[in-house]
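See below for the structure under consideration.
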There are 2 protein chains.
Amino acid sequence: MSDAEIDRIFRALADRTRRDIVRRTLGGEASVSALADEYDMSFAAVQKHVAVLKEAGLVTKHPRGRERIVRADPDQIARARGLLAQLEGLWRARFDQLDHVLSDPITPE
Amino acid sequence: MSDAEIDRIFRALADRTRRDIVRRTLGGEASVSALADEYDMSFAAVQKHVAVLKEAGLVTKHPRGRERIVRADPDQIARARGLLAQLEGLWRARFDQLDHVLSDPITPE
DNA sequence: GTTATATACAACCAAATGGTTGTACATTCT
DNA sequence: AGAATGTACAACCATTTGGTTGTATATAAC
């Protein structure tokens with residue numbers, strides 16, 4: 001997984017509207033216009049948010065008639081979660097390495 | 001946890017350099033100048049990256065002599081991970097609700 | 001005390017972001 | 001066929017982002 005790809009995932013998640021789109025399309029698919037109805041902004045703005053999510057792989061778009069159906073991809077979210085878990089793992093590894101020498105939370109400086 | 005706060009956390013993580021700073025300061029604290037030595041950019045640029053991480057609560061800064069010691073906060077990372085886990089939970093809830101009626105992955109359209 | 005190091009902070013700049021409106025095209029409905 | 005709906009996409013605009021340089025200040029080293 002490239003750095004650019006990770007950038008895209010986290011940047012896509014760094015917007016309230018986009019997180020909400022993910023929530024809605026995880027709970028059940030929706031057309032772009034159905035999504036647009038939910039927010040106080042233009043259709044084009046919502047269209048752009050969906051595009052950002054799609055670029056990040058967090059969402060897929062399938063044509064159905066004249067509509068475009070948006071569906072969230074739980075796997076990509078799981079991947080993002082995995083990245084954070086990895087970071088936390090580093091922290092744990094640090095203390096494992098120190099073998100709890102500094103286990104007291106009040107570290108003398 | 002406010003939307004603005006969540007925005008800050010994910011935006012802070014949406015940059016390769018900042019993710020690397022988190023990694024390094026999880027594995028062991030570092031001064032801002034020590035961090036700056038690691039990257040091909042100015043001290044001021046690194047200083048700004050640290051500030052973004054601090055605003056997001058991913059990192060703390062403590063003065064030690066003339067230095068400022070940067071330390072990552074694993075709890076805040078865990079919180080971010082929790083948010084993603086929550087999203088995934090919605091997806092699972094969806095299928096729990098449907099009681100596996102659509103359990104076949106190839107959904108006919 | 002002077003010099004070197006570490007930081008803070010302002011001003012500036014190019015590029016990206018998040019929004020808008022307008023136009024064009026495809027599909028569906030009547 | 002004609003009208004309405006859903007989407008695509010371009011052009012534009014204000015603000016934010018990620019970088020720079022320059023200047024000032026605090027601490028440390030000699």
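Letters A, B, ... mirror the listed sequences (proteins, then strands); counts begin at 1.
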* Asked: So how far is it from B:His62 NE2 to B:Ile69 CD1, rounded to the nearest 0.5 Å?
  ->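 One finds 10.0 Å between NE2 of B:His62 and CD1 of B:Ile69.
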
* A:Lys54 side chain near D:dA8 phosphate (N/O to OP1/OP2, under 4.0 Å) -> no

Within this structure, what is the [atom1]-to-[atom2] distance between [X] and [N], rounded to whole angstrom?
X       : N      : atom1 : atom2 : answer
A:Gln47 : D:dA11 : CD    : C1'   : 15 Å
A:Leu13 : C:dG18 : CG    : P     : 12 Å
B:Arg68 : C:dT7  : CZ    : C1'   : 6 Å
B:Glu38 : C:dA6  : CD    : C1'   : 16 Å
A:Phe10 : C:dT17 : CZ    : P     : 16 Å
A:Ile69 : D:dT5  : CD1   : C1'   : 14 Å
A:Leu35 : D:dG6  : CG    : P     : 12 Å

* Asked: Is the shortest side-chain N to carboxylate O distance from A:Arg19 to B:Asp3 below 4.0 Å?
  ->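 Yes, A:Arg19 and B:Asp3 are salt-bridged.
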
* Go through the structure and list residues passing salt bridge (Lys or Arg N to Asp or Glu O under 4.0 Å) with A:Arg66, not counting sequence neighbours. =>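 Not a single residue meets the salt bridge (Lys or Arg N to Asp or Glu O under 4.0 Å) criterion with A:Arg66.
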
* **Verdict with supporting geometry, B:Val50 and B:Arg18, side-chain contact (heavy atoms from CB on, under 4.5 Å)** => CA-CA 7 Å; B:Val50 171; B:Arg18 286 196 292 262; over 6 Å; no

* Name all pairs fulfilling the side-chain hydrogen bond (donor to acceptor under 3.5 Å, both in side chains) condition that reach into residues 72-89 of chain B, sequence neighbours left out, sorted by first residue then second. =>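 Of all non-adjacent pairs touching residues 72-89 of chain B, those that pass side-chain hydrogen bond (donor to acceptor under 3.5 Å, both in side chains) are A:Arg81-B:Glu88, A:Glu88-B:Arg81, B:Gln76-B:Arg79.
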
* Structure fact -> Contact string for nucleotides 17-30 of chain D, one letter per nucleotide 5' to 3', B = base within protein heavy-atom range under 4.0 Å, S = sugar-phosphate only, - = neither, reads SSBBB-----BS--

* Side-chain heavy-atom pair A:Met41, A:Thr17 within 4.5 angstrom cut-off -> yes

